[in-house]
Amino acid sequence: MPEKQYDHRQIELKWFERWKDDANLYRAEENSAKPKFYVLEMLPYPSGTLHIGHLRNYSIGDALARYKWMRGFNVLHPMGWDAFGLPAENAAIRNNRHPREWTLENIAAMKRQHRRMGFSYDWSREVNTCEPEYYRWNQWFFLRMLERGLAYRSKALLNWCPECGTVLANEQVVNGCCWRHESTPVEQRALDQWFLRITDYAEELLDDLKRLEGGWPERVLTMQRNWIGRSEGAEVDFALEGSARRVRVFTTRIDTIYGATAVILAPEHPAVAELVDDTTRARVKEMIDARARQDPGDLRKEGIFTGHYAVNPFNQARVPVWVANFVLTGYGTGAIMAVPAHDERDFEFCETFGIPIVPVIRPADGALVDPVREPFTGYGILENSGAWSGMTSEEARPAMADYAKEHGFGQRAVTFRIKDWGISRQRYWGTPIPVIHCEHDGIVPVPEDQLPVVLPLNVNITGKGRSPLADVPEFINVTCPKCGRPAKRESDTMDTFIDSSWYFYRYCDPHDGRAPFDRERIAYWFEIDQYIGGIEHAILHLIYSRFWTKMMRDLGLITNDEPARRLFNQGMVIKDGAKMSKSRGNVVSLDEMVERYGVDTGRLFELFAAPPEKEMDWTDAGAEGAYRFLGRVYRFITRNADRVLPPGPCAGDEKVRRKLHQTVRRITEDFETRWHFNTCISAIMELVNELYANENEICGEVMHEAMEKLTLLLAPFAPYLAQELWEELGNGEQPVFRQPWPAFDAELAREEQAEVVLQVNGKVRSRLSTPFGTDRQQLESLALADDKVRAFTTGKQVVKIIVVPDKLVNVVVK
RNA sequence: GCCCGGGUGGUGAAAUCGGCAGACACAAAGGACUUAAAAUCCUUUGCCGCGGAAGCGGCGUGUGGGUUCAAGUCCCACCCCGGGCACCA
């Protein structure tokens with residue numbers, strides 16, 4: 001009789017049909033011991049199809065959830081859908097489709113694919129962030145923040161295409177020009193924008209990173225620390241000659257202030273407008289626009305002299321006031337003092353524009369430096385600094401700041417790199433910002449009983465002109481809730497990062513119509529036990545959601561300070577030397593692979609190709625191997641499931657049983673610690689190779705144990721096949737991922753003999769099989785007696801012998 | 001320019017705490033089965049040298065130094081690749 005062949009189509013279809021309507025299959029129970037709460041980061045884009053990059057994220061999360069189930073933990077593992085404004089509106093322009101229709105269709109398509117892939121989500125807690133019910137709570141949060149002054153409106157510079165008459169996102173700027181008009185340079189325009197005061201939380205966001213140590217990857221904590229960027233220094237006021245105005249600069253090196261030879265303003269600095277004439281003003285405007293067009297790496301330092309001078313309050317030196325493109329308006333005070341002798345950037349600038357270089361610090365160790373030729377940026381001893389000369393930098397920094405404070409021209413100061421969060425978007429597809437602009441009452445919040453403010457459906461999206469909502473009269477024209485006179489509704493919508501900042505809270509109570517969520521439920525589920533997402537979100541999404549958590553805590557809605565105890569970031573999938581993403585157009589669709597090899601092969605191969613935290617170069621070659629392997633497992637089990645085997649003992653029993661228990665141990669440990677599923681899968685492959693080699697050398701008992709455990713080990717990675725094999729083994733239809741995880745016996749897994757490597761001068765010359773725990777003395781003499789070792793030691797003097805018990809002996813000779 | 005990662009055979013990779021470099025696969029070559037093909041099973045495969053062969057020796061983890069009995073792993077300098085960025089005073 002011919003052997004049964006692995007037919008992935010038949011197997012996957014069979015179980016898909018049986019499972020697809022079972023609403024309880026993946027549902028966590030809330031009554032007994034608290035289930036684990038796992039969250040997979042929301043979909044990056046509803047592109048309509050799953051691609052290889054997505055598969056990576058889901059395969060990892062799914063393997064973990066299944067493992068946890070098999071270990072007896074319940075896991076709440078919901079799924080969310082997000083809608084990004086830009087892709088939806090591009091599709092609207094290109095395909096003449098309404099963004100809402102387009103998004104919902106794509107979400108439905110993706111949902112079908114997710115079901116087909118057999119991912120283990122609890123679908124009853126699904127959250128879709130582009131529905132009015134979700135908008136309602138985004139708006140409700142916005143109004144709470146507005147009441148507390150955490151939301152405010154202010155001018156901000158935005159990329160502007162004069163041709164389209166519209167605001168451009170950074171990714172719509174190509175080589176400094178609009179993506180639709182490749183010869184139209186982008187300009188900078190100041191527009192009124194809404195901001196959230198995330199900087200109020202900068203200190204706490206930074207401090208609490210300490211509490212995440214151990215649970216979050218170190219590289220993410222480092223990136224966040226750098227992003228928040230706390231720096232201690234001082235603010236000092238320079239008087240402007242011939243003006244009542246002072247310019248306040250921020251510096252971390254007030255100890256170098258006697259070497260300040262210029263004051264440099266950011267081009268956007270408010271004092272610039274006052275100081276310069278019309279021609280210079282035009283040059284400054286050009287500088288602002290030019291900066292927007294260039295990559296930070298390409299920016300050459302440019303400067304414009306204002307014709308004015310400022311006075312250093314420490315030594316009354318008269319220094320020129322410049323405007324330069326390398327000074328940032330959003331950091332510190334938007335103005336710096338240039339100390340070319342002791343700062344790289346200042347040096348480069350001053351050298352270019354012929355500004356004098358005055359050294360005022362020398363190295364404490366007496367090293368020879370020449371700051372006029374190359375800046376000395378370290379701490380040292382002050383010189384040429386009046387009464388402060390002779391002090392160390394460390395002493396001078398606080399002392400000089402305090403002196404400035406006593407004399408009323410400065411103080412110690414801490415600044416943060418992080419800026420307030422600009423949430424205004426001039427797009428259609430996002431949560432409308434719930435305020436009304438009234439000529440008499442100013443900014444009036446939309447009354448709560450009128451929430452949610454819903455997007456109008458009859459909108460014409462062109463990608464040109466003002467925000468699409470601004471051209472919908474029924475939406476824009478309203479009456480003021482305060483005075484009843486005609487007023488205008490806000491036409492900006494919210495950044496979709498708002499949506500992703502709290503969707504996982506909504507999971508716990510997705511249908512609540514009276515509140516964003518129920519307090520008790522959050523208290524029960526939070527903090528998240530495990531958050532899993534791509535490394536590309538290490539900064540923005542993960543800082544915004546931490547901020548949102550703290551904000552909600554201060555509103556009294558929750559009691560936890562952080563959203564997630566543990567975080568795991570999988571690496572990106574690289575294709576043709578760049579990140580795989582829709583905007584780069586280098587995605588690889590899953591369809592072809594799934595059609596040819598099946599879902600299980602796709603997931604197995606994806607996990608086998610590289611460890612999950614590492615970035616992964618995509619290549620199609622190799623899926624074949626994963627498919628062959630699954631076929632090997634299938635044939636082995638189907639042909640042995642009902643075979644009558646001897647009662648034993650048989651020659652291969654011990655060997656196979658040892659390999660089996662070693663494999664279970666290895667995979668169990670890996671799931672508990674580092675999640676290197678690629679090596680887990682190779683361990684299973686080794687086990688299968690061992691089984692093939694000993695197929696006729698083992699007794700029935702060992703065979704049965706091996707087949708059963710092999711099936712269970714495979715269940716997190718290849719659930720459809722594992723389920724089919726579980727049935728083949730006579731277990732009916734019980735879901736395999738609800739079976740207990742296989743146990744291992746450390747005694748059975750133990751190797752009989754230790755293999756000890758014998759080295760001479762660090763080179764392997766021989767090896768030795770000894771019982772475990774052989775003592776050092778004995779190992780030494782065994783090594784020295786070894787023929788091959790002797791060949792390299794005779795005639796030489798033994799200097800030293802290093803013994804690592806059960807592992808290695810290194811004989812050092814001269 | 002700054003921040004965060006990474007660099008190991010023809011390819012994806014493994015080596016978990018400084019202790020056998022290349023597990024497990026892909027690709028390639030050879031063999032078995034077959035009328036034949038596919039599928040399957042088995043064998044070989046880092047590079048160089050010596051040998052008919054079993055085998056023996058040397059080299060080898062981006063480059064150059066260093067620490068150590070021992071370095072892919074630790075330290076210093078450099079080169080290259082990927083991701084992010086807001087030139088962070």
Side-chain angles (χ1 to χ4, degrees), chain A residues 3 5 170 217-220 222-227 229 231 233 249-253 256 264 291 295-301 324-333 335-339 342-346 348-349 415-419 535-536 538-540 571-572 574 577-579 605 608-611 613-626 628-629 631-632 635 666 669-670 673-674 676 678-686 688-689 692-693 755-767 788 791 799-804 807-813:
Chain A
E3 223 176 13
Q5 290 302 312
N170 281 339
E218 199 48 53
R219 60 176 162 163
V220 173
T222 307
M223 282 192 253
Q224 292 214 355
R225 266 187 207 109
N226 292 341
W227 189 260
S231 62
V249 306
F250 174 76
T251 176
T252 54
R253 294 296 304 273
T256 64
I264 311 179
R291 177 154 74 182
D295 279 343
D298 298 340
L299 203 63
R300 220 174 291 125
K301 285 186 174 51
N325 59 350
F326 73 97
V327 179
L328 296 173
T329 182
Y331 185 76
T333 58
I336 63 164
M337 59 179 201
V339 185
H342 304 292
D343 182 279
E344 296 277 356
R345 281 157 312 180
D346 295 350
E348 199 190 314
F349 183 81
T415 51
F416 291 91
R417 201 182 93 101
I418 192 170
K419 288 196 253 182
I535 186 70
E536 66 272 24
I539 300 295
L540 294 180
M572 284 168 286
I574 306 289
K579 170 175 97 170
F605 174 55
F608 179 62
E613 78 277 6
K614 210 182 145 180
E615 56 179 46
M616 181 179 117
D617 259 310
W618 180 253
T619 154
D620 304 327
E624 192 73 39
R628 271 208 287 265
F629 167 69
R632 262 163 89 78
R635 287 190 307 276
R666 197 164 151 192
E669 283 170 0
D670 225 308
T673 55
R674 54 176 204 162
H676 278 199
N678 55 332
T679 53
C680 289
I681 292 164
S682 22
I684 301 177
M685 287 174 171
E686 284 181 47
V688 171
N689 290 346
Y692 263 74
E755 198 177 51
V756 177
V757 169
L758 305 182
Q759 298 181 329
V760 179
N761 285 352
K763 282 188 199 241
V764 181
R765 296 303 178 185
S766 182
R767 50 198 75 215
K788 289 180 190 138
V799 181
K800 201 183 204 180
I801 302 179
I802 312 283
V803 179
V804 183
K807 259 195 173 159
L808 164 143
V809 179
N810 187 10
V811 182
V812 186
V813 296

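First the proteins, then the strands, lettered A, B, ... as listed; each starts at 1. Side chains included, hydrogens not; waters and symmetry mates left out as well; all remaining heavy atoms used.
Taking A:Asn689 as the reference, A:Arg632 meet the side chain to side chain contact (heavy atoms under 4.5 Å, CB included) condition, with sequence neighbours excluded. For A:Phe605, the ring pair (Phe, Tyr, Trp, His ring centres under 6.0 Å) partners two or more places apart in sequence, or in a different chain, are A:Trp618.
For the P atoms, the distance linking B:C48 with B:U11 amounts to 15 Å, nearest Å. Taking atom C1' on both B:G19 and B:C24, the two are 22 Å apart, rounded to the nearest angstrom. Distance check on atom P: B:A27 versus B:C79 gives 39 Å, rounded to whole Å. Spacing between B:U8 and B:U63 at atom C1', rounded to whole Å, works out to 15 Å. With both ends at atom C1', the span from B:G18 to B:G72 equals 11 Å, rounded to whole Å. Atom C1' of B:A53 sits at a distance of 32 Å from the matching atom of B:A14, rounded to the whole Å. Comparing the same atom, P, in B:C76 and in B:U67 gives a spacing of 15 Å after rounding to whole Å. When the P atom is compared between B:A15 and B:G84, the two are found 28 Å apart, to the nearest whole Å.
B:G9 takes the syn form, because its glycosidic angle lies no more than 90° either side of 0. Base orientation of B:C17: syn, the glycosidic angle falling within 90° of 0.
With a 4.5 Å cut-off on side-chain heavy atoms, A:Arg635 and A:Gln5 count as touching. No side-chain heavy atom of A:Lys419 sits under 4.5 Å from any side-chain heavy atom of A:Tyr331. Under the 4.5 Å side-chain criterion, counting only non-hydrogen atoms from C-beta, A:Leu758 is not in contact with A:Arg765. Contact of the A:Asn226 side chain with the A:Gln224 side chain is not registered, since no non-hydrogen atoms from C-beta on lie closer than 4.5 Å. The shortest distance between side-chain heavy atoms of A:Val760 and A:Val813 falls below 4.5 Å. Taking 4.5 Å as the limit, every side-chain heavy atom of A:Ile336 sits out of range of all side-chain heavy atoms of A:Phe250. Between A:Asp346 and A:Phe326 there is a side-chain heavy-atom pair separated by less than 4.5 Å. The shortest side-chain heavy-atom distance between A:Met337 and A:Thr251 falls under the 4.5 Å cut-off.
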Please list each protein N or O that sits under 3.5 Å from an N or O in nucleotides 71-75 of chain B, with the distance.
none

Short heteroatom pairs, N/O only, protein and nucleotides 59-62 of chain B, under 3.5 Å:
unit_1: B:C59; atom_1: OP2; unit_2: A:Lys763; atom_2: NZ; d: 2.8

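Residue-to-nucleotide proximity on RNA chain B shows that, of A:Arg219 and A:Thr329, the 5′-proximal contact is made by A:Arg219. Residues A:Thr673 and A:Gly229 each lie close to RNA chain B; by heavy-atom proximity, the contact nearer the 5' end of the strand is made by A:Thr673.
Within the 4.0 angstrom heavy-atom criterion, only backbone atoms of the sugar-phosphate kind lie near A:Arg765; the bases stay farther away. Within 4.0 Å of A:Val799, counting heavy atoms only, lies no atom of the nucleic acid at all.
Atom C1' of nucleotide B:A14 and atom CG of A:Asp670 are separated by 12 Å, given to the nearest angstrom. The interatomic distance linking A:Asn226 (CG) with B:G1 (P) rounds to 18 Å, in whole Å. Distance A:Met223 CE to B:G5 C1': 7 Å, rounded to the nearest Å. The CD1 atom of A:Ile539 sits 11 Å away from the P atom of B:C4 (whole-angstrom rounding). As a whole-Å value, the separation of A:Gln224 CD from B:C4 P is 14 Å. B:C3 atom C1' lies 8 Å from atom CZ of A:Arg417, rounded to whole Å. Here the P atom of nucleotide B:C2 and the CZ atom of A:Arg345 are 10 Å apart, to the nearest Å. Atom CZ in A:Phe605 sits about 11 Å away from atom C1' in B:U11, given to the nearest Å.
For the side chain to side chain donor-acceptor pair (under 3.5 Å) criterion with A:Glu613, the lone passing option out of A:Arg219, A:Arg674, A:His676 is A:His676.
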Which string of ( ) [ ] | and . matches RNA chain B, if you list each base 5' to 3' and count Watson-Crick or G-U pairs only when both distances are under 3.5 Å?
(((((((..(((......[....))).(((((.......))))).(((((....)))))..(((((..]....))))))))))))....
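Judged by distance alone, with hydrogens and angles left aside, the side-chain atoms of A:Asn810 form no donor-acceptor pair with the main-chain N or O of A:Ile802 at under 3.5 Å. A distance-only check finds no donor-acceptor pair linking the side chain of A:Asp343 to the backbone of A:Ala338 [under 3.5 Å]. The backbone N or O of A:Trp227 lies less than 3.5 Å from a partner atom in the side chain of A:Arg417, making a donor-acceptor pair.
Residue A:Pro611 has its side chain nearest to B:A13 when only B:C69, B:A89, B:A13 are considered. Nearest nucleotide to the side chain of A:Thr251, out of B:A89, B:U40, B:A15: B:A89. For A:Lys614, the side-chain atoms get nearest to B:A13 when compared with the rest of B:A39, B:A13, B:C88.
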Decide yes or no on side chain to side chain contact (heavy atoms under 4.5 Å, CB included) for A:Glu755 and A:Lys807, but give the supporting numbers first.
CA-CA 6 Å; A:Glu755 198 177 51; A:Lys807 259 195 173 159; over 6 Å; no
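Ion pairing between A:Asp670 and A:Arg666 fails under the 4.0 Å rule for side-chain N and carboxylate O.
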Under 4.0 Å protein heavy-atom contacts per nucleotide of nucleotides 19-28 of chain B, with B for base, S for backbone only and - for none:
BB--BBSSS-
